[in-house]
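Here's the structure we're looking at; comments come further down.
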Protein chains: 2
Amino acid sequence: MLELAILGFLYDTPLHGYELRKRISALTGHVKPVAESTLYPAIKRLEKADLLARATEPGAVAAPRHVLTLTEAGRRELRHRLAEPDPRDISDENRWFTVLAFLRHLDDAAAQSAVLRRRLAFLEEPASFFYDGDRPLRAEELDDPFRRGILTIARATSRAELTWLRETIASLGG
Amino acid sequence: MLELAILGFLYDTPLHGYELRKRISALTGHVKPVAESTLYPAIKRLEKADLLARATEPGAVAAPRHVLTLTEAGRRELRHRLAEPDPRDISDENRWFTVLAFLRHLDDAAAQSAVLRRRLAFLEEPASFFYDGDRPLRAEELDDPFRRGILTIARATSRAELTWLRETIASLGG
DNA sequence: ACGATATACCTCGCAACCGATGTATCAATA
DNA sequence: TATTGATACATCGGTTGCGAGGTATATCGT
C-alpha cells in the first residue's frame, strides 16, 4: 500500500522523500499514519528494484534533498499494480482507496472499468461480519448494539459505494 | 488487531485454535484474510505473556486440540485494550470494527461511551484525502472521478457513522 | 481403493512496519 | 541568546505478518 502510494505520487512528478511523506500523510495519514522509518526503507526497496532513481540536490531550505524519479520500469510497475491489484487491494478499503487515488494513471478506460468491476463483484458477494452457521445475520437480528453498529455502518458504506461504482462504470463504458 | 480478536473471542468462551480461526475469518476475513501462520504465532505470544492458557484435549474429529482459555490477566488485558484503544484502533476502520465487535465486554456504560466519543471526535475533525494547501477539498472540486469517488464514499460512511455514534452515545448516557 | 476435503496444528524465512534515536541546517520566536 | 520547530535524511532492534511447506487423522464420494 505504501509502495503503491510512492509509485503513484512519483508517476506525476519527481519528489524528494520529505515532500513525498507529506503527500502520503495527507492522503492516508489521518487513518494510517506513515512513520519515516517505514517510508525511507520503502524508498530504498524501490530504488534497489530499479523502480526509482535518486539524484542529490542542495536543499532548498535545509539539508540536501534526494530527488526521486520513477524509472520506466517503475512506471510500468505502477500501471501493473493498478491494472492487476492484489485481492487485498480490492477487499481492504484502505488499500482500495489507494488504488482509486491513482487509478487515473491507467490510460485505458476499459482497464479502469475492469478494476472497478472487481470491487463491484466483491461488494456484491453476500458477506457479513456475523453469521448464524452459514447465514449472514442482519443488523436487526443482533442484540449487541455495537455489533449492530458495525453492520449499519458497513451497509451504508456499501450502498454508497455500489451506487458510485455502477454510475462510474457506466460512464466509463459509455 | 489480531490479538484483540483472539482475546475478544476467548473472553466469552474457551476455544481451540482452529475454531478461533474460523470465527476470526467470519468477522474480518472477507476484508483481511487471516493466515494460519499469523494466528498460531500470535496465540503463542499471548500464551508466553500469560494472557491465555492451553489444555490439550483429544480431537473431536481429527487431531488433538489445544483448548485456549483466557487467564485473569488476559481478561484484564482485553478490557484494557478496549477501554484505552491505540489511536490506530480509533482511526483505522478495520481496527475500529474489531474494537466495536467486543466493546460489550466493557462492563461500564460510561467506559463504552468514552470509547465511542473518541471515535466521534476523530470523525468530527475536518479531514479529507486531498488538500489545496491546508484546505480540505470537496468532491465537487476534484476533476479525477476516482478521487471524487473516494470522497463520496468516505462522506457517506462518515455520515452514517456519526448518526449511529450520536444515537448510541445518547442511549448509553441514559 | 483412492483422492479430495475437513479437521488440527506447526515451523521457517523473508518482508514489512514502527518507535526510538541520531545527524544536520536554517528560521523564527522567546 | 537559547530554544523550539521545520526541513531533510537515516539506522537499529524488535514485532508483526505472510507464503510455502510440513505432519497427522477422519470422512465422504467415486
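Just so you know, these numbers come straight off a predicted model, no measurement behind them. Sequence lines set the chain letters: A, B, ... in the order given, protein chains first and strands last, and positions in each chain run from 1.
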Q. Taking only N and O in the side chain of Arg45(B), is any of them less than 4.0 Å away from OP1 or OP2 of dG17(D)?
A. yes
Q: Just jot down the side chain to side chain donor-acceptor pair (under 3.5 Å) partners of Glu77(B), sequence neighbours excluded, or say none.
A: Arg81(B)
Q) For the side chain of Ser171(B) and the backbone of Thr168(B), is there at least one donor-acceptor N/O pair under 3.5 Å apart? A) yes
Q: Let me know the distance between CD of Glu57(A) and C1' of dT7(D), rounded to the nearest Å.
A: 15 Å
Q: For Thr152(A) and Arg148(A), indicate whether the former's side chain and the latter's backbone hold a donor-acceptor pair under 3.5 Å.
A: yes
Q | By side chain to side chain donor-acceptor pair (under 3.5 Å) - contacts of Asp12(A) (at least two apart) | A | Arg104(A)
Q.
Which residue in the set Asp92(A), Asp86(A), Asp89(A) passes salt bridge (charged side-chain N to carboxylate O under 4.0 Å, His left out) when paired with Lys32(B)?
A. Asp92(A)
Under 3.5 Å, side-chain donor or acceptor atoms of residues 106-117 of chain B against the rest of the protein: list the pairs with distances, not counting sequence neighbours.
| from | atom 1 | to | atom 2 | distance (Å) |
| --- | --- | --- | --- | --- |
| Asp108(B) | OD1 | Ala110(B) | N | 3.0 |
| Gln112(B) | NE2 | Leu103(B) | O | 3.3 |
| Gln112(B) | NE2 | Leu106(B) | O | 2.8 |
| Ser113(B) | OG | Arg117(B) | NH1 | 2.6 |

Q: Could you check which residues of residues 1-23 of chain B get a heavy atom under 4.0 Å from DNA chain D? Sort them by number, please.
A: Glu3(B)
Tabulate below the donor-acceptor pairs under 3.5 Å that side-chain atoms of residues 49-62 of chain B make, not counting sequence neighbours, or state none.
| from | atom 1 | to | atom 2 | distance (Å) |
| --- | --- | --- | --- | --- |
| Arg54(B) | NE | Glu47(B) | OE1 | 3.1 |
| Arg54(B) | NE | Glu47(B) | OE2 | 3.3 |
| Arg54(B) | NH1 | His66(B) | ND1 | 2.9 |
| Arg54(B) | NH2 | Glu47(B) | OE1 | 2.9 |

(Q) Once you apply a heavy-atom cut-off of 4.0 Å, does Lys44(B) come out as touching a base, just sugar-phosphate, or nothing? (A) sugar-phosphate
Q. Which letter, B, S or -, goes with each nucleotide of nucleotides 20-28 of chain D from 5' to 3', with contact meaning a protein heavy atom under 4.0 Å?
A. B----BS--
**Q.** Length of the NZ-C1' vector between Lys32(B) and dT16(D), whole Å
**A.** 12 Å
Q) Can a salt bridge be assigned to the pair Arg119(B) and Glu161(B) using a cut-off of 4.0 Å between side-chain N and carboxylate O? A) yes
Q) Going by number, which of residues 74-98 of chain A have a non-hydrogen atom under 4.0 Å from DNA chain D? A) Arg88(A)
**Q.** Donor-acceptor contact present, side-chain Ser25(B) to main-chain Arg21(B), <3.5 Å
**A.** yes
Q.
Glu141(B): which residues meet the side chain to side chain donor-acceptor pair (under 3.5 Å) condition with it, sequence neighbours left out?
A. Arg135(B)
(Q) With heavy atoms of chain B within less than 4.0 Å as the criterion, where does contact along DNA chain C begin and end? (A) dT7(C) to dG19(C)
Q.
Checking His16(A) now: which residues fulfil ring pair (Phe, Tyr, Trp, His ring centres under 6.0 Å) with it, not counting sequence neighbours?
A. none
**Q.** Distance-only donor-acceptor check, side chains Arg79(B) and Tyr11(B), under 3.5 Å
**A.** yes
Q: Using five pairs at either end of the helix from dA1(C)-dT30(D) to dA30(C)-dT1(D), determine the angle between the two local helix axes and round it to 10 degrees.
A: 30°
(Q) Is the shortest side-chain heavy-atom distance between Val99(A) and Phe146(B) below 4.5 Å? (A) no
Q: To the nearest 0.5 angstrom, please state how far the CG atom of Leu137(A) sits from the CZ atom of Phe130(A).
A: 9.0 Å
Q) What pairs with Arg75(A) under side chain to side chain donor-acceptor pair (under 3.5 Å), at least two apart in sequence or on another chain? A) none
